[in-house]
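The structure appears below as structure tokens.
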Amino acid sequence: MAGSVEALERRIDALRAEIRRSVVARDTARAKGLRAELRAAEQEWEAAITELAEQAGDTGDTGDAPPAAAGRSSGGSLLPVRDQVHHALTLLSVPAAPKLVAEVHAAFFGTAAAGALAAGKLTHLRRDEKRSFSSAPYSRPYYLCAALTAEHLAPARGLVAVSTWPLERRIVGPLSPRVDFLTAAVRVAERAGTVPARNAALARLVWRFASNIPGALGVAGQRGTVDPLTVIRAAEAERAVHADADGAHRTAAAERARRQLDQVDQLFGNTLRTLPGTLTRRGGTMPRGNPTVQEKTA
């Protein structure tokens, strides 16, 4: 199995290099085909790495046992934090905060302590990812990157995304937090419905999603008794109300990002820069005329 994973990783690296060359050569048809191959290869890699983790005992039903009892490193998983985050985000399919990432990984992939996936660690991890991409673009199968605000194309505070997602999915507009929450609820409920015996962490996770969606708790509405199909129907019904407006906003912002940002900034966000023509007052700045001032981000 390890050989299979390594072969897939080499194939993914080769496909990314071919995509880069096709984009530079403006061969859009070939680039489109290669991207489809890349997505298929990444899905195979996800399946292979999940099987590898299961063989290592990572996905055994440990319930709420503390990390020490499981005898595992860093948050109770044999996988590096980077892979843990990627697994959780791939399941959610939308940008997410560190707390939700930790909860999802604990519920589906084993005991992951919140401290192992804390916000501070993910911030440092994202900075390392940016340095890696800047020095050798697309040398990794994926990068943990930033969600971008639709207004300023700056990093959205506290949200982590995956570089292989379309830019539109990583854009966060006014309606996006709710739409992404509903999308995540559907993904979690769909996956929960395939788990033969739900552990306590998974039951709590589904219940918390359902408790914030009208009609998702069903008739009983008691903790731990939520029907995943009811959650899916309620979440999709509300998501349909906002999806078109949110999609249009994200598409417009993504098109603007492709025109204005280089490859690094499209993944990790636009950096703050002081625009010319500003007057300083008491250590701050005051626009001269009416220039656009970008929001300061960490």
Side-chain angles (χ1 to χ4, degrees), residues 1-59 73-74 77-96 101 104-105 108-110 112 117 122 125-148 160-170 187 190-191 194 254 257-258 261-268:
M1 178 55 64
S4 175
V5 172
E6 292 174 358
L8 283 169
E9 289 173 347
R10 288 194 295 271
R11 174 165 173 72
I12 288 170
D13 289 343
L15 283 169
R16 287 191 172 279
E18 285 296 321
I19 290 170
R20 184 169 64 251
R21 285 191 285 269
S22 298
V23 170
V24 171
R26 298 185 178 181
D27 189 349
T28 55
R30 176 169 172 73
K32 183 177 180 180
L34 288 170
R35 282 173 174 158
E37 291 184 37
L38 176 62
R39 286 192 293 271
E42 287 173 338
Q43 289 174 355
E44 291 181 32
W45 182 88
E46 282 294 331
I49 202 69
T50 299
E51 183 178 348
L52 189 64
E54 288 174 351
Q55 292 175 356
D58 181 54
T59 57
S73 61
S74 183
S77 175
L78 293 171
L79 295 175
V81 170
R82 183 174 184 269
D83 288 339
Q84 294 181 44
V85 175
H86 184 239
H87 287 174
L89 288 173
T90 299
L91 190 152
L92 291 168
S93 80
V94 293
V101 169
V104 168
H105 193 277
F108 287 102
F109 302 108
L117 302 181
L122 289 190
L125 180 60
R126 199 169 66 184
R127 289 172 181 167
D128 291 340
E129 297 283 283
K130 182 176 181 179
R131 283 193 292 267
S132 175
F133 182 87
S134 299
S135 61
Y138 302 111
S139 61
R140 295 177 175 179
Y142 66 86
Y143 294 84
L144 299 178
C145 59
L148 307 183
V160 186
V162 181
S163 64
T164 54
W165 293 349
L167 186 54
E168 288 80 359
R169 197 191 303 179
R170 294 188 287 105
R187 295 280 293 176
E190 287 176 342
R191 186 68 175 268
T194 66
R258 292 186 181 99
L261 303 183
D262 60 20
Q263 289 181 325
V264 175
D265 285 348
Q266 284 184 33
L267 291 180
F268 299 96

Shortest non-hydrogen contact from Gln266 to Leu261? NE2-O, 3.1 Å
Among Leu144, Leu89, Leu91, the one residue meeting side chain to side chain contact (heavy atoms under 4.5 Å, CB included) with Val101: Leu89
If I take atom OH from residue Tyr143 and atom CG from residue Leu267, how far apart are they, to the nearest 0.5 angstrom? 9.0 Å
Give a yes/no verdict on a cation-pi contact between Arg131 and Phe268, requiring under 6.0 Å between NZ or CZ and the six-membered ring centre and an angle within 45° of the axis. no
Between Gln263 and Phe133, does the side-chain contact (heavy atoms from CB on, under 4.5 Å) criterion hold? Intermediate values first, please. CA-CA 9 Å; Gln263 289 181 325; Phe133 182 87; 4.1 Å; yes
Exam field: side chain Glu129 to backbone Cys145, donor-acceptor pair closer than 3.5 Å: no
Rounded to the nearest 0.5 Å, what's the gap from CZ on Arg126 to CG on Asp128? Could you check? 12.0 Å
Under 4.5 Å between any side-chain heavy atoms of Val81 and Val85, yes or no? yes
Shortest non-hydrogen pair, Ala136 vs Ser139, comes out as O-OG, 2.9 Å
Does Thr90 offer a backbone N or O that forms a donor-acceptor pair with the side chain of Ser93 under 3.5 Å? no
Side chain to side chain, Leu92 and Arg187, heavy atoms closer than 4.5 Å: no
So which atom in Ala146 and which in Arg170 form the shortest heavy-atom distance, rounded to 0.1 Å? O-NH1, 3.6 Å
Rounding to 0.5 Å, atoms CG (Asp265) and OG (Ser134) come to a distance of 9.0 Å
Counting only heavy atoms not in Arg35, do more than 12 sit closer than 6.0 Å to its CZ atom? no
Which of these passes ring pair (Phe, Tyr, Trp, His ring centres under 6.0 Å) with His86: Trp165, Phe109, Tyr142? Tyr142
Between the CZ atom in Arg258 and the CD atom in Glu168, the distance rounded to the nearest 0.5 Å is 4.0 Å
Is a side-chain N or O of Ser22 found less than 3.5 angstrom from the main chain of Glu18, in a donor-acceptor match? yes
